[in-house]
Amino acid sequence: MNNIEQILSHAVIEAVNELYGAKVDLSQVQLQITRKEFEGDYTLVVFPLVKVSKKSPEITATEIGDYLCNIQRVAEKYNIVKGFLNLSLNSTTWVGKLNEIAAEQEEYGFVTATPESPLVMVEYSSPNTNKPLHLGHIRNNLLGYALGEIIKANGNHVVKTNIVNDRGIHICKSMLAWQKWGNGETPEATGKKGDHLVGEYYVKFDKAYKAEIAEKVAAGIEKERAEANSELMAEAREMLLKWEAGDETVVSLWKMMNSWVYAGFDVTYKTMGVDFDKIYYESETYAIGRDVVLEGVEKGVLNRREDGSVWADLTADGLDEKLLLRRDGTSVYMTQDIGTAKMRFNDYAIDKMIYVVGNEQNYHFQVLSLVLDKLGFSWGKDLVHFSYGMVELPEGKMKSREGTVVDADDLIADMVKTAREVSEELGKLDGYSKEEAERIYRIVALGALKYFILKVDPKKTMTFNPRESIDFNGNTGPFIQYTYARINSVMRKAAENGYEIPAAIASNLQMNGKELALIKNLSRFPAIVAEAGKAYSPAVVANYTYELVKEYNQFYHEYSILNETDAVKRAARLLLSKTTAIVLRKGFSLLGIEMPERM
RNA sequence: GGUCUGGUAGCUCAGCUGGAUAGAGCAACAGCCUUCUAAGCUGUGGGUCGCGCGUUCGAAUCGCGCCCGGAUCACCA
């Protein structure tokens with residue numbers, strides 16, 4: 001709620017008290033922005049107040065409207081449509097609002113953290129080291145990064161973290177395949193990106209494994225038996241045991257191949273523009289988890305069975321029993337997460353922990369929360385699982401086995417190519433050097449991809465249509481970037497003409513409807529940032545920037561800025577444009593999207 | 001089967017802490033560049049908000065039941 005709404009709401013409470021002698025609270029004052037088709041700025045829904053006034057909605061609205069406009073003078077005039085009291089503020093109020101916003105400049109809408117502000121840790125990305133990142137990871141990374149920025153903008157300290165799943169049977173499969181059929185291939189020798197190279201061997205393992213099973217089945221062995229007795233799988237398992245035992249050959253192979261993957265991931269992260277303040281590795285945390293679980297057994301909050309396995313009994317919470325340590329004493333996924341959590345809370349004074357992980361793991365986090373609580377970690381209950389929906393393609397789910405997975409690097413490269421083609425066709429960057437133009441193509445391409453993904457409600461399963469994602473018209477990132485570039489162009493030309501952009505404009509200036517509508521939209525920004533933080537939703541910000549841009553383009557189309565002969569009006573429009581550009585850029589910064597100065 | 005979750009225009013999505021005649025974009029059709037970037041603006045057509053019942057002055061929004069889809073319920077991660 002901005003200060004104009006606050007003043008109005010409190011005025012309504014006072015009016016009701018004076019008129020009807022009844023105290024109503026803020027929740028009964030339903031003030032909303034007036035819909036476009038009606039005249040007014042804010043609308044008071046009077047139905048909830050009829051109980052108090054004991055009069056018809058129309059009469060109640062008239063009485064309150066009179067009081068607000070004539071006694072309190074917080075509104076200029078009003079009209080009533082079917083129990084809705086539409087209030088109009090005078091132009092001066094809105095000019096004042098614009099001046100206020102402009103004065104805040106880059107700070108507008110953002111809350112600065114103080115030393116006392118809470119520390120929020122956001123975990124996102126969390127890749128496996130056996131294959132390259134794909135479209136699903138992209139949604140995770142974009143959401144995680146944006147969420148971090150949004151939480152920061154709401155006045156919190158944020159630590160972005162990544163837990164790398166660097167150990168386990170999956171990486172052993174890649175390692176084994178490389179050892180068997182790799183002929184010493186390296187990223188350097190092949191010119192392939194490290195994560196892609198390792199991914200190829202993961203696929204090779206899978207193919208060889210399937211071939212082995214098929215061969216055995218053809219020889220008359222049951223499928224289940226063939227799988228259980230797979231020699232290849234046995235070798236992979238053996239390699240994992242060797243790794244856990246610290247076998248030098250295996251460990252050095254593991255280190256080498258993981259380093260290839262990290263080098264590859266770094267490139268992808270850099271291209272996507274995401275980063276981390278602290279990276280954890282499961283190879284370093286799983287043992288801690290095991291210790292914590294064993295302590296839990298001693299404390300009697302966890303149960304050890306006769307076969308040696310350790311379980312958490314969650315039946316009191318309506319769930320089942322959950323395994324935490326295998327019969328052979330090795331850790332499972334849950335155990336690793338417990339260890340990682342403990343390590344993090346030792347490293348930082350975390351007030352809130354947010355896990356950005358897909359909704360397929362809802363159950364896992366429900367359990368993790370309960371188990372941490374059982375183990376005596378006070379923060380266990382309050383952990384937040386930011387559960388986002390899966391990404392599907394128009395033809396359905398992505399399946400790695402069927403090769404329908406969209407590779408992150410390929411996708412971004414495609415987007416850049418399209419951005420380049422469109423831009424060259426339009427000739428907008430003529431005169432730019434090749435390097436400068438390439439930089440803009442990347443900004444636009446990433447803007448298209450990020451906006452396409454972030455504009456949809458994170459909780460929902462989304463369809464990624466490659467054809468639509470490279471469309472740069474309509475509700476897209478490039479459309480919003482374009483508007484920004486356009487304002488920038490006006491600013492440049494203003495400077496060339498020696499027009500100064502004032503810090504504030506005279507409050508008695510009468511603004512036209514489009515200008516007022518634009519200011520009203522700008523005034524919503526702080527509430528949007530707050531709502532996005534509360535709802536954990538970058539989509540709220542994305543949809544707002546779109547509405548703001550549509551409003552600006554209408555204004556831009558209808559009124560001339562530089563050719564306006566009235567210097568006062570021209571100055572006001574310049575300030576309005578500049579302020580819009582700042583809000584757009586700040587809004588997009590919350591989504592991790594850059595703005596091009598030209599396009 | 002239990003739990004969770006979704007169903008809004010041909011397609012992709014907003015709107016969901018109850019409020020006015022349910023909105024955008026894409027796709028289709030029709031206009032607007034000698035004027036600040038046409039990656040833009042304007043207009044037309046397109047809807048039983050899955051179905052039913054209930055609560056309410058008022059339901060796409062809340063509750064219950066049903067239909068359809070998805071996720072999950074591993075000594076996988």
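Chain A is the first sequence line, chain B the second, and so forth, proteins listed ahead of strands; every chain is numbered from 1. The shown structure was predicted, so the numbers you read here are calculated from the model rather than taken from an experiment.
Between A:Arg167 and A:Glu244 there is a salt bridge, since at least one side-chain N of the basic residue sits less than 4.0 Å from a carboxylate O of the acidic one. Remark: A:Arg524 engages A:Glu547 in a salt bridge, criterion side-chain N to carboxylate O under 4.0 Å. The pair A:Asp471-A:Arg467 does not count as a salt bridge, with every side-chain nitrogen at least 4.0 angstrom from each carboxylate oxygen.
Applying a 4.0 Å cut-off to non-hydrogen atoms, the residues of residues 384-397 of chain A that approach RNA chain B are A:Lys397, listed by residue number.
Across all strands shown, B:A60 forms no Watson-Crick or G-U wobble pair with both key distances under 3.5 Å. For B:C49, there is no paired nucleotide, since no Watson-Crick or G-U wobble pair has both relevant distances below 3.5 Å. Nucleotide B:U44 forms a pair with B:A28, judged by Watson-Crick or G-U wobble geometry with both contacts under 3.5 Å. When both distances must be under 3.5 Å, the Watson-Crick or G-U wobble mate of B:G6 is B:C68. Remark: B:A74 base-pairs with no nucleotide; criterion is Watson-Crick or G-U wobble with both hydrogen-bond distances under 3.5 Å. Pair assignment for B:A20 gives none, since no Watson-Crick or G-U wobble pairing has each distance under 3.5 Å.
A sub-4.0 Å separation between OP1 or OP2 of B:C75 and a side-chain N or O of A:Arg327 is absent. Between B:U21 and A:Lys82, a contact under 4.0 Å exists linking OP1 or OP2 to a side-chain N or O. In this structure, A:Arg467 does not reach the B:U12 phosphate: none of its side-chain N or O atoms is under 4.0 Å from OP1 or OP2. At least one side-chain nitrogen or oxygen of A:Arg326 sits closer than 4.0 Å to the OP1 or OP2 atom of B:C76. A sub-4.0 Å separation between OP1 or OP2 of B:U42 and a side-chain N or O of A:Gln554 is present. Between A:Asn473 and B:G40, a side-chain N or O to OP1/OP2 separation shorter than 4.0 Å is present. Considering only side-chain N and O atoms, A:Lys460 lies under 4.0 angstrom from the phosphate OP1 or OP2 of B:A14.
You'll find that the side chain of A:Asn362 is closest to B:C4, out of B:C4, B:A20, B:C26. If you check B:G40, B:G25, B:A20 against the side chain of A:Tyr546, the one that comes closest is B:G25.
A donor-acceptor pair under 3.5 Å links the side-chain atoms of A:Asp313 to the main chain of A:Thr315, judged by distance alone.
Among all heavy-atom pairs drawn from A:Ala581 and A:Ile487, the shortest one is CB-CG2, 3.8 Å.
Note: NZ (A:Lys322) to P (B:C73) measures 7 Å, nearest angstrom. Atom pair A:Gln361:CD and B:A74:C1' shows a separation of 13 Å (rounding to whole Å applied). Look at CZ on A:Phe84: it is 14 Å from P on B:G18, rounded to the nearest Å.
For the atom pair NZ of A:Lys578 and CG of A:Leu576, the computed distance is 12.5 Å after rounding to the nearest 0.5 Å.
Across all strands shown, A:Val332 has heavy atoms under 4.0 Å from sugar-phosphate atoms exclusively, and none from any base. Contacts of A:Asp166 with the nucleic acid, taken as non-hydrogen atoms under 4.0 Å apart, are absent. Base contact: A:Tyr333 has a heavy atom under 4.0 Å from a base atom. Among the protein residues, A:Thr43 comes within range of the nucleic acid bases, having at least one heavy atom under 4.0 Å from a base atom. Looking at heavy-atom distances under 4.0 Å, A:Asn553 makes contact with sugar-phosphate atoms alone, never a base.
A:Phe525 and A:Tyr544 have parallel rings, their planes meeting at less than 30° on a 0 to 90° scale where 60° marks the start of perpendicular.
Shown here, B:C26 is classed anti by the O4'-C1'-N9-C4 or O4'-C1'-N1-C2 angle, which is more than 90° from 0.
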Item to complete: Between protein and nucleotides 28-38 of chain B, map the contacts as a letter string: B base, S sugar-phosphate only, - none, heavy atoms under 4.0 Å, written 5' to 3'.
Response: -------SBBS
Item to complete: Show the numbers, then the answer: is there a side-chain hydrogen bond (donor to acceptor under 3.5 Å, both in side chains) between A:His364 and A:Asp337?
Response: CA-CA 10 Å; A:His364 172 80; A:Asp337 263 354; 2.8 Å; yes
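Figure legend: cation-pi geometry between A:Lys173 and A:Tyr202 absent, as NZ or CZ is not positioned both under 6.0 Å from the six-membered ring centre and within 45° of its axis.
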